[in-house]
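Taking it in order: structure first as structure tokens, then the write-up.
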Amino acid sequence: MRALVIDDSAAMRNIISRSLATIGFDVVQAVHGRDGLDKLKAHGKPEVILVDWNMPEMNGYEFIKAVRAIEEWRDIPLMMVTTETETSQVVRALAAGANEYLMKPFTPEMLGEKLAILGVTMS
Amino acid sequence: MPIRPEDFSYVSKLVREASAIVLEAGKEYLVELRLQPIAQQAGLATLDKLVEKLKQDPTGPLHKRVIDAMTTNETSFFRDLHPFETLRKDVVPELIRKRADTRTLNFWCAAASSGQEPFSTMMMLRENFPELASWRVNYIATDLSRDMLARCREGKYGQFEVSRGLPAQLLVKYFDRRGTEWQIKEDIRKAVDFRELNLMKPWGPMPTMDIVFIRNVLIYFDVPTKRDILLRIHRLLAPDGYLFLGGAETTVNICEEFESQVIGRTTCYRPKQRVKV
């Protein structure tokens with residue numbers, strides 16, 4: 001199983017990657033949305049994408065819209081992982097094509113439960 | 001950057017004093033995971049800077065955020081997921097067929113705790129069974145603790161709580177933001193009848209139940225008490241009703257009036273059908 005983790009914070013990328021690695025994911029990391037699109041092209045479809053909202057170059061919201069505009073990427077389970085906690089932001093992310101939304105800070109249990117909701121892992 | 005041993009020990013002491021939760025060696029990853037975003041939000045580059053700030057201001061709001069982040073409990077919405085899937089796919093559709101004449105369904109959640117289980121069930125019913133809007137759906141949720149029941153009736157949850165097991169679609173549909181918390185909408189809150197009840201004492205009048213949830217409660221009781229509680233549930237449950245226990249609980253070798261039935265990925269318990277001779 002492969003996951004694409006996109007966050008401009010190296011610390012956050014590593015925290016998420018470690019959690020995913022313990023449940024059997026190989027993780028590809030990207031530092032912003034544009035890098036995420038490049039990694040998608042280079043590595044092919046992952047089982048799940050986890051993307052931050054606020055990043056330089058291309059933010060997570062723009063990234064989601066770009067991914068969902070491409071037919072073969074439309075069905076990749078995609079979760080936004082962000083410090084944005086307003087209901088309106090959650091609604092925007094879901095409307096743009098995110099399947100799930102996890103607010104920072106979070107625990108490995110929360111991440112695992114959200115992945116189970118997405119159906120990419122067993123709960 | 002990994003947390004320094006002296007910073008881990010500072011955070012452990014802080015959490016232990018505030019909550020009695022013990023963060024043993026080996027839990028460094030948990031501290032890193034939960035506190036890194038708080039450090040970032042506070043504009044602090046590393047965890048040692050965060051701990052330095054905590055030491056400088058030992059009563060400030062940052063302490064509360066750190067303690068809250070480190071002390072979430074085990075309750076979650078749609079806990080274990082599969083029992084709710086079994087309810088949705090199998091149990092509720094079957095009972096809707098069987099109760100078409102009375103158009104009444106009775107649920108009992110025997111350990112309401114902070115309300116996630118009854119509210120999860122109500123949201124699942126609203127999402128999947130619109131026909132129940134014209135039925136009498138009686139949902140009784142009980143708990144020993146008045147404080148917990150007061151919390152349930154208020155229906156407010158912090159960010160950590162709504163992040164646990166609750167699909168984002170349901171968060172935005174069934175909750176209103178109230179400051180830093182989320183409150184479940186009034187019509188869902190009012191649809192659940194929260195009552196104080198001690199499982200070890202007489203329960204008072206209850207309707208015949210179609211579905212009983214008593215998950216992760218029996219583990220706290222000795223075998224005779226478990227048997228007594230299960231026997232009383234047996235008397236309360238409709239002959240074709242369903243009992244849901246926690247994943248580590250069973251009626252086997254405790255109360256033989258029930259038989260287990262695996263539905264989907266969930267083990268349910270049903271009253272044994274008596275064979276007439």
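Quick note on labels: first sequence line is chain A, next is B, and so on, each numbered from 1. All values below were derived from every heavy atom in this structure, side-chain atoms included, with hydrogens, water molecules and symmetry-related copies excluded.
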| request: Would you mind checking which part of B:Q169 comes under 4.5 Å of any heavy atom in chain A, side chain (CB onward), backbone (N, CA, C, O), both or neither? | output: both
| request: Sequence neighbours left out, what passes ring pair (Phe, Tyr, Trp, His ring centres under 6.0 Å) with B:Y269? Give chain and number order. | output: none
| field | Interatomic distance, A:E113 atom CD to B:R164 atom CZ [nearest 0.5 angstrom] | value | 4.0 Å
| note | Value for CE (A:M103) from CZ (B:F160), rounded to nearest 0.5 Å, stands at 11.5 Å
| query | Is B:K185 atom NZ crowded by more than 12 heavy atoms from other residues, nucleotides or ligands, each under 6.0 Å away? | reply | yes
| query | Crowded around B:K55 NZ? As in, over 12 foreign heavy atoms under 6.0 Å? | reply | yes
| Pair B:E32 + A:R18, salt bridge at N-O below 4.0 Å | yes
| What are the two closest heavy atoms between B:S163 and A:L102, and how far apart are they? | CB-CD1, 4.2 Å
| Are there residues of residues 78-100 of chain A that reach to under 4.5 Å of chain B by heavy atoms, and which ones? | A:T83, A:T85, A:E86, A:T87, A:V90, A:V91, A:L94, A:E100
| said: Taking 4.5 Å as the heavy-atom cut-off, does anything in residues 53-66 of chain A contact chain B, and if so which residues? | reply: none
| field | Note, B:L35 side chain near A:P105 side chain (heavy atom, < 4.5 Å) | value | no
| request: Considering only heavy atoms and a distance below 4.5 Å, find which of A:N14, A:L118, A:I117, A:L111 pairs most often with chain B. | output: A:I117
| residues 170-178 of chain B: residues contacting chain A (heavy atom under 4.5 Å, by number) | B:L171, B:V172, B:R177
| Check: B:L166 main-chain N/O paired with A:K114 side-chain donor or acceptor under 3.5 Å | yes
